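One structure is given below, encoded as structure tokens.
Only a predicted model underlies this, so the values are computations on that prediction, with no experimental measurement involved.
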Amino acid sequence: MMKASAIPHSSSRRFQVRDISARYGWPTFDLVFHDAESSVVRYSEAIWDSEAQALVEAERLEASHACPVHWEAS
């Protein structure tokens with residue numbers, strides 16, 4: 001999978017926004033889930049056209065203690 005920049009991961013946040021704009025040629029962001037239980041990193045199926053929109057979703061998922069194990073893992 002193509003590496004892209006992401007908001008730095010802190011130990012207290014399981015979700016972060018990743019900038020994958022280079023892949024698409026326009027502003028594009030997805031989410032990265034640090035799945036400590038499975039020791040993998042997972043990538044969201046959804047994409048957003050602004051970092052702010054993706055960050056809202058990351059914060060919502062963090063607050064709900066979501067564990068999207070169906071996302072693609074690496």
Gap separating the [atom1] atom of [X] from the [atom2] atom of [Y], nearest 0.5 angstrom:
X	Y	atom1	atom2	answer
Glu72	Asp30	CD	CG	10.0 Å
Asp19	Tyr24	CG	OH	12.0 Å
Ile47	Arg23	CD1	CZ	9.0 Å

Provide the closest heavy-atom pair for [X] versus [Y] in the form atom of the first, atom of the second, distance.
X	Y	answer
Phe33	Ala66	CE1-O, 4.1 Å
Phe29	Ser21	CZ-OG, 4.4 Å
Ala58	Val17	CB-CG2, 4.4 Å
Glu59	Arg13	CG-NH2, 3.7 Å

- Donor-acceptor contact present, side-chain Ser64 to main-chain Arg60, <3.5 Å: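 Here the side-chain-to-backbone pair exists.
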- Item | Phe15 backbone acceptor or donor facing Glu62 side chain under 3.5 Å |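 Yes; at least one donor-acceptor contact below 3.5 Å.
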- Query: Taking the side chain as C-beta and beyond, is there a heavy-atom pair between Gln53 and Asp49 under 4.5 Å?
  - Reply: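 Yes, side chains in contact.
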- Below 4.5 Å, heavy atoms only, C-beta onward: do Leu31 and Leu61 meet side chain to side chain? yes
- Task: Output all residues satisfying side-chain hydrogen bond (donor to acceptor under 3.5 Å, both in side chains) with Ser44, sequence neighbours left out; order by chain, then residue number.
- Result: none
- Query: Which residues satisfy the side chain to side chain contact (heavy atoms under 4.5 Å, CB included) test with Ser38, sequence neighbours excluded?
  - Reply: Asp35, Val40, Arg42
- Query: Looking at residues at least two apart in the chain, or sitting in another chain, which of them share a side chain to side chain contact (heavy atoms under 4.5 Å, CB included) with His70?
  - Reply: Glu45, Pro68
